[in-house]
Structure formats: structure tokens, C-alpha cells
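What follows is one structure encoded as C-alpha cells, with my remarks underneath.
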Amino acid sequence: MPTASERLAEFAVGVSLDRVPAEVADKARLIMLDTVGIALAASTRDSGPMAIALARQLGGKPESQVIGAPFKVSAANAVLANGTTAHSLDYDDTLEEGIIHAGCCAATTALAVGEAVGASGRAVLEAAIAGVEVMGTLGVVAPGRFHARGFHPTSVTSAFGAAAVAGRLYGLTAEQLVHAFGIAASQASGIIEYLADGSWTKQFHPGWGAHGGIVAALLAREGFRAPRTAIDGARGFFAVFAGKEGVDLSRIERIGRDWLLPKFVFKSYPCGSISHPYMDCALRIRQRHAPRPEDIAEVVCRTHEGPVPRLWEPLADKHRPVTPYAAKFSLPYSIATMLVRGKAGIAEFEEPAIRDPEVLGVAGRIRYVIDNTLEYPKHFSGHVRVILRDGRVLEENQAHPRGGLEDPIPREEIEAKFRANAVLAVSAEAADATIDRMARLESLPEVASLASLWAR
């Protein structure tokens, strides 16, 4: 029986658009577009310029565009920056069950390595599909288990996704890719202690993982050896990062049959994915009833215990987030900003918005109750109950996040999100040209002309 690494490698080298369902390829193109737009927006703020400056210092052969910058560096150093910027706004795609963000790793690696090797758009799209599916599969093998042990799921799986992408584009055999996955397993890392003070280490995780995945592929191409059982062995990836409970390795056998890409969710708000259904519920309450902030006595939300340590506790800290990044992981703040402002864009998670006394006043009156009948993490649902001072109760429920398989966002809305993000760094003409070329990615003879649109 093949090991997990062997099964994943067999899948990755065999991905072909001739056998990939149309909806899988369509979703992959949109994820790539969305990822680039987020990276462009993030290149202008907070940690983005720092990651870009580091990529420039590290340098290397000028083969891959740093998104939102006027220069190229080596592919591994480009993804260090691009993977970081693509995730730093917390505006990127999410797979519910696996709690994985894949575009920030797989899409950025496909574009950077594809540019470096002169790959066609078709080859880049196939590689991106392979990387997203590998990351997603590793996530759904152990749903919720990485977070429970203090690890960031995107971070610990990102090197595998990048290795799959880079392995495809560098021409690795399945045998070589097995070793690349073994090397990636030894690079898996990423703790969630950023929650303690709202600092930025989570933003860096997929950039570092993508960098490591490229290194893993290049080492494997040179003949570097790694354990075949690095993923499923007694001292392997899942044993270390997920433990023995709640791990279903049979999910790996289903890769390429049960496609995960259609299940990925596009974000409407730049904050934690699990918050979105709650925010949609709060927005509907505002739209249908328009309660004044001062009339809100209390807001009670139902939640599974799984997200509580990340989005609800310590409750006093979540009521008054200390930094803009901390606000992205505060459900009280996110719900309150929808009830008070009726919107939650990039600006609503920056200074001075997070100090707004009216929003914080409502946030301070929001609490939760545990309901473990909710199907977390299989589904992210929302439940908001507003109790007014006159005794009226306003309540909304939502079974799924908007933007996923059950409630998709129209292509036009995803393109509008891309434009709004992209024009923070490049011209409207460059944004429109990106949309056009990404929609017909597999027809492009090479991706360098596409990447050149993102230089600033």
C-alpha cells in the first residue's frame, strides 16, 4: 500500500486539465485572481512593505516578480514576500473543514516558479490546482486538530502545497516529489500565539512555507532523500502536529476524486473566516430593523467550542482589541462593526476605526453561549440574537458562509473585489488586463507578461 507521500505525489504529477472538472479549473483561476489582488493591496500597508524589503535584500536571480514592487528576485524569495502579502489582510480563500487558506501559498508559488521557468499558463494552472488540493487534503485529514494543538493549519501544510506546485513546474518525477514532501514535513511550523497580542507572525506563515516548499522541491531534484513515511509515519507529520484523535488518513486516498477546490470560500470581509456568517447575520439585522446602537442591551451568539480560544476569549480582550490585526480575530468587534456601520472593509480593521467608541460600546455587550451541536469545522455557521432595551428580540441564523459552494459569490463580485484591492497599488488598466488574462490563463504561452502587470 502506498504511503501518504506516494499517493499525494502520484496525484500531483498526474494533474491535467484534460481530466480536471471544469468547475475545479474555474475556481482555481478565480482563487489566483483573488490572491493577486489581496497581495497588491497588502503591498501598501503594515507588514507588506517589510516583506517586500526583505525579498529585495535576499535577492537572487531576477526571475520572479515581487507583487506590488518594482523588481524581481529568485522564485523562493519572491514567494516569501508574495505569500506573506497574500495572507496578511486575512482576506483570502478558506476551506471550511480543513480551515486552510491555500491561494496564498499555491497560487503565489505557481506564478513565481512558472515565471522563473518560462511555463505556460496551462502548466501554471495545473500546478496551482495540484497545490491547492494537496493542502486542502492535508487539512481535512485532521479537521480542527492543528488548531487544538496550537498550530496554524495553513502554516503547517503550506510547504507541502508549495512543494507540489514547484515539483510540477520544475519537472520532478513522482519519486522525487515523495522526497520533496518528506523535506517539507521537516519544515512544517507555525504557532498561533499571535492571538495573545494581535501581532503579525500569522501573516508570515504561508510566505515562509511557500519558500520552504520551493527549497524542498529543488533539493529533491538534486537527489536529496527524505523519509517516505514523513506524513503518515509513527513520528510523522500527523502524529506530531495533530495527534492520534480525529485523524482520518483515508481522506488522502480520495484526492483527485473528491475535489476540494469547489468547496473553497471567497471572503467578503478582511478578517477571520469563521466570523463571516455572524457578520452576515448582523448585517441583515441592521438592514431589516436598523436598531440604534444605544438601544442594544445585549447580543448573544451561539458557537461551537472549537473557535472560542481564537475568536471569543479572553472575552475582555475581544471586546476591546489592542491592535488592528487583533480586531480581525475578535467576533465581538466584527459583529459590532456590522451592526453600527453596516460594512467591514479594509478600513474598518485599521486605525482609527478600531478605537470607535460607538462600535466598542456595542462590542462590549456581545457574549457567546456554547452549542456543540453545530457542525464545526465541517461548516462555519452564524447565529446572532440582539436583545433591545425595550424587550424586542432580533435574530438571524446562517448555515453556511457566503462565497462557498452552498452560497457562491458571483464572478462579477469577485472581480470587483480584485479591482478594489489592486488599484491600491497599480493602475485600473493593469487591474482590468489582469482580469482578462487570468480568465484565459491556460491559453497564455507564458505567464511573465501577466506578472509584469503587478510591478509598481
Side-chain angles (χ1 to χ4, degrees), residues 12 32 35-36 39-40 42-43 47-87 103-128 130-131 158-173 176-177 179-180 183-184 187 204-224 425-426 430 434 437 441 444-456:
M32 294 178 80
T35 299
V36 171
L40 284 167
S43 72
S47 66
M50 301 175 193
I52 290 170
L54 176 60
R56 186 168 209 164
Q57 292 172 42
L58 294 174
K61 182 180 178 181
E63 59 187 5
S64 301
Q65 180 66 47
V66 175
I67 297 173
F71 58 86
K72 298 183 181 186
V73 295
S74 71
N77 290 333
V79 298
L80 184 63
N82 297 345
T84 299
T85 53
H87 188 55
C104 53
C105 176
T108 57
T109 303
L111 291 165
V113 177
E115 182 182 4
V117 302
S120 67
R122 180 187 178 93
V124 166
L125 181 57
E126 289 172 337
S158 55
F160 296 99
V165 172
R168 279 289 305 239
L169 293 169
Y170 286 133
L172 270 63
T173 65
Q176 290 171 320
L177 192 50
H179 293 291
I183 299 166
Q187 298 185 79
F204 172 66
H205 288 167
W208 185 248
H211 177 90
I214 291 177
V215 170
L218 291 172
L219 274 172
R221 190 174 66 171
E222 292 297 318
F224 198 97
V426 298
T434 297
R437 294 181 200 179
L441 178 60
L444 300 181
E446 43 73 36
V447 294
S449 61
L450 182 58
S452 67
L453 296 170
W454 314 321
R456 178 165 63 97

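- Ala39 and Ile67 get closest at one heavy-atom pair: CB-CG2, 3.8 Å.
- Heavy atoms only, all atoms of each residue included: Ala210 and Thr109 are closest at CB-OG1, 3.5 Å.
- Using a 4.5 Å cut-off on side-chain heavy atoms (C-beta onward), Trp208 and Thr84 make no contact.
- Pairs engaging residues 444-456 under the salt bridge (charged side-chain N to carboxylate O under 4.0 Å, His left out) rule: none recorded [sequence neighbours left out].
- Here the straight-line distance linking atom CG of Leu219 with atom NE2 of His179 works out to 12.0 Å at 0.5 Å rounding.
- Within the 4.5 Å cutoff, the side chain of Ile52 has heavy atoms near those of the Ser43 side chain.
- Rounding to the nearest 0.5 Å gives a distance of 4.5 Å between OG1 of Thr434 and CG of Leu453.
- With sequence neighbours left out, Ala159 forms a side-chain contact (heavy atoms from CB on, under 4.5 Å) with Ala184.
- Nearest heavy-atom pair across Gly114 and Val124 is CA-CG2, 3.8 Å.
- For the atom pair Phe224 CZ and Ile183 CD1, the distance stands at 5.5 Å (nearest 0.5 Å).
- A 4.5 Å side-chain heavy-atom check between Val79 and Ile214 finds at least one atom pair inside the cut-off.
- Judged purely by atom type and a 3.5 angstrom limit, His87 has no side-chain atom pairing as donor or acceptor with the backbone of Pro206.
- Not a single donor-acceptor pair under 3.5 Å links the side chain of Arg56 to the backbone N or O of Val66.
- To the nearest 0.5 Å, atom CG of residue Leu450 and atom CG of residue Leu441 are 7.0 Å apart.
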Listed pairs under 3.5 Å, donor-acceptor, residues 162-170 side chains, sequence neighbours left out:
residue : atom : partner : partner atom : Å
Arg168  : NH1  : Ala12   : O            : 3.0
Arg168  : NH1  : Val15   : O            : 2.7
Arg168  : NH2  : Val15   : O            : 3.2
Arg168  : NH2  : Glu126  : OE1          : 3.1

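- With values rounded to the nearest 0.5 angstrom, Trp454 atom CH2 is found 4.5 Å from Leu111 atom CG.
- In this structure, the side-chain contact (heavy atoms from CB on, under 4.5 Å) partners of Thr173, at least two apart in sequence or on a different chain, are Glu175, Gln176.
- Taking all atoms of both residues into account, the shortest heavy-atom contact from Ala110 to Ala128 is CB-CB, 3.9 Å.
- Side chain of Ser120 to backbone of Ala123: a donor-acceptor contact under 3.5 angstrom is found.
- Here the side chain of Ser452 pairs a donor or acceptor atom with the backbone of Ser449 at under 3.5 angstrom.
- The nearest pair of heavy atoms linking Ala55 to Val73 is O-CG1, 3.5 Å.
- Here side chain to side chain donor-acceptor pair (under 3.5 Å) pairs that include residues 59-79, with residues two or more places apart or in two chains, are Lys72-Glu115, Ser74-Asn77.
- Here the straight-line distance linking atom CZ of Arg437 with atom CG of Leu444 works out to 7.5 Å at 0.5 Å rounding.
- Of all heavy-atom pairs spanning Ala106 and Gly131, the tightest one is CB-C, 3.9 Å.
- For residues 73-86, no residue pair satisfies the salt bridge (charged side-chain N to carboxylate O under 4.0 Å, His left out) rule, not counting sequence neighbours.
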